[in-house]
Amino acid sequence: MSKRRKHGLRRRRQATFLLLLSIIFMLSCGPFLWRLEQLRQAESVYDVSKVRDELQWWNAHGGLLNKLELLKEANLWLELELNVESKDLESQLTMYQDEQHRFWLFLYYLKNGKITEAQDVLGPMGKTPLGQLGQGLTSLENGDAEESRSQLAETETEVDWNKLPIQEQTLRHLVLAQAAMSMGDQLAARAELEEAQKLEPHNPACLTVAFDVAVGEGQWAKAVELCHSIVTQTWRSRTTLFETKRAVLALHENNLQELTASLASLKELPGGDGCIDYVNGIQALSKGQQQEGKNLLERAMNSGLEGELKADAQKAVAQVIDRQKADQLLRSVVDENVE
């Protein structure tokens, strides 16, 4: 056999061997690569249920591949989205020293009412975009919507907000929308919500703020539709703000079943009793029971009602007081004329 033929045969054998290796690789690794892509896509559209299913598959079949950073990040992301009170999540996050993971730890503390711990994590970030975003979130959590708005405004800070990851850019617009609602600026709230939806239309937080805006604007039919969409996302943890607005919506729609469900949820949440007083106060005012409504709203505020609910309660109480003063003045005028 000539050298040329031997060389050609050897090349064909090598090609065949490489082809067989490729086939073996695809057969063995193909399902894992496909699963990774499924996980990535589910995260990109905030399909929490799908992410959870994919991670369960990896836990059962991934073996050593579960040490991949992508899978670790997905687990952290899932626990944060579900707002899981997990000591393991806290310990996992504290292992990281980069700013992104420290911000996630800040969010974890903030969501679980650990304000002091959240501020301790936030301090070293200084005036970085994530640090400034955290300051705005903290101010809103403390009920200072005006301060939150100034900390996150485009024109009042020198922060380059475009340096934030897309998720955090979205969060900034949503915080600005919530601050605007607390200050009674529905037009600005709507504009900030639209900016957030452009960035991440599938972000479930956009759905929540859209519901808040619809309630604030009195778009009751739209609010009912959005409320139903939120409730059907069974993986979502309930919040006092959502359940309170759900109850107010149920009052408006005269939906006793929804009202009962939301009040029952509030009973189980921190600060829920004050929110129940708020709802009962709104109901009393709607029935013309001015003094009863005023007493309930004042009790709600004294129990620690915060944010836009507190602002709304203050406004309602002020209106009752003004009406009572007007009624007293009218009665005195009538009494003088009778005399």
Side-chain angles (χ1 to χ4, degrees), residues 44-48 77 80-83 103 107 110-111 133-154 161 164-250 252 262 265-266 269 271 275 278 305-312:
S44 69
V45 296
Y46 285 84
D47 189 341
V48 173
W77 179 88
L80 278 170
E81 281 298 319
L82 294 180
N83 197 20
F103 185 75
L107 289 179
L110 199 66
K111 286 181 177 181
L133 175 59
Q135 294 291 349
L137 272 163
T138 303
S139 295
L140 187 65
E141 186 73 16
N142 290 332
D144 194 341
E146 188 173 353
E147 177 67 14
S148 177
R149 199 175 189 180
S150 66
Q151 288 168 330
L152 300 180
E154 195 80 48
W161 297 111
L164 286 172
I166 291 296
Q167 288 186 355
E168 278 68 35
Q169 288 186 42
T170 304
L171 178 58
R172 171 179 167 264
H173 285 297
L174 293 177
V175 174
L176 282 168
Q178 290 172 314
M181 281 187 285
S182 294
M183 298 171 68
D185 191 346
Q186 290 296 131
L187 186 62
R190 169 64 61 183
E192 293 294 344
L193 172 61
E194 289 174 355
E195 289 299 318
Q197 290 171 326
K198 288 177 186 176
L199 290 169
E200 288 193 301
H202 299 289
N203 191 322
C206 290
L207 189 64
T208 300
V209 176
F211 168 71
D212 293 345
V213 170
V215 171
E217 293 178 345
Q219 297 185 29
W220 302 112
K222 185 174 183 179
V224 169
E225 179 184 345
L226 291 167
C227 182
H228 177 71
S229 297
I230 293 170
V231 171
T232 55
Q233 292 177 328
T234 54
W235 53 267
R236 299 185 69 165
S237 57
R238 298 290 180 251
T239 66
T240 52
L241 182 60
F242 169 72
E243 291 297 340
T244 303
K245 292 192 173 185
R246 180 187 175 194
V248 171
L249 177 61
H252 184 273
S262 57
S265 293
L266 283 171
L269 292 170
C275 293
Y278 169 86
L305 202 66
E306 292 292 350
E308 61 183 283
L309 296 179
K310 180 180 179 180
D312 184 67

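- Side chains of Glu200 and Thr170: a donor on one and an acceptor on the other come within 3.5 Å.
- Annotation for Phe211 and Lys245: closest pair CE2-CB, 3.6 Å, computed over non-hydrogen atoms.
- Considering every non-hydrogen atom in both Leu133 and Glu168, the closest pair reads CD2-O, 3.7 Å.
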(request) Report the C-alpha separation of Cys275 and Glu243 in whole Å, then their side-chain angles, then the decisive distance to 0.1 Å, and conclude whether the side chain to side chain contact (heavy atoms under 4.5 Å, CB included) test is met. (result) CA-CA 9 Å; Cys275 293; Glu243 291 297 340; over 6 Å; no
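- To the nearest 0.5 Å, atoms CD (Gln219) and CD (Glu225) are separated by 11.0 Å.
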(request) Walk me through it: do Arg246 and Val231 pass the test side chain to side chain contact (heavy atoms under 4.5 Å, CB included)? (result) CA-CA 10 Å; Arg246 180 187 175 194; Val231 171; 4.1 Å; yes
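- With values rounded to the nearest 0.5 angstrom, Arg172 atom CZ is found 8.0 Å from Leu164 atom CG.
- Residues Ala189 and Ala180 share a closest heavy-atom pair of N-CB, 3.6 Å.
- At least one side-chain heavy atom of Leu137 sits under 4.5 Å from a side-chain heavy atom of Phe103.
- Closest approach of Gly136 to Ser148, counting heavy atoms only: O-OG, 2.8 Å.
- Expressed to the nearest 0.5 Å, how far CD of Gln135 lies from OG of Ser150 amounts to 11.0 Å.
- With a 4.5 Å cut-off on side-chain heavy atoms, Ile166 and Gln169 count as touching.
- In this structure, Thr138 contributes its side chain and Gly134 its backbone to a donor-acceptor pair below 3.5 Å.
- A distance of 9.5 Å separates CG in Leu152 from CD in Glu147, rounded to the nearest 0.5 Å.
- Nearest approach of Val209 to Ala177, heavy atoms of both residues: CG1-CB, 3.9 Å.
- Put simply, the residue from Leu269, Leu305, Leu309 that forms a side-chain contact (heavy atoms from CB on, under 4.5 Å) with Thr240 is Leu269.
- Between Glu217 and Lys222 there is no salt bridge, since no side-chain N of the basic residue sits under 4.0 Å from a carboxylate O of the acidic one.
- Closest approach of Gln197 to Ala210, counting heavy atoms only: NE2-CB, 4.3 Å.
- A donor-acceptor distance shorter than 3.5 angstrom exists from the side chain of Asn203 to the backbone of Ala205, with no hydrogens or angles considered.
- Other residues, nucleotides and ligands place more than 12 heavy atoms under 6.0 Å from the CD atom of Gln233.
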(request) Carefully, step by step, assess Leu193 and Arg190 under the rule side chain to side chain contact (heavy atoms under 4.5 Å, CB included). (result) CA-CA 5 Å; Leu193 172 61; Arg190 169 64 61 183; 3.9 Å; yes
(request) I would like to know whether Arg149 and Leu176 meet side chain to side chain contact (heavy atoms under 4.5 Å, CB included); could you show each step before the answer? (result) CA-CA 6 Å; Arg149 199 175 189 180; Leu176 282 168; 4.1 Å; yes
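- Thr232 places a side-chain N or O within donor-acceptor distance of the main-chain N or O of Ser229, the cut-off being under 3.5 Å.
- Annotation: the span from Leu140 atom CG to Ser182 atom OG amounts to 5.5 Å, rounded to 0.5 Å.
- Note that CG of Asp212 is 10.5 Å distant from OG1 of Thr244, once rounded to the nearest 0.5 Å.
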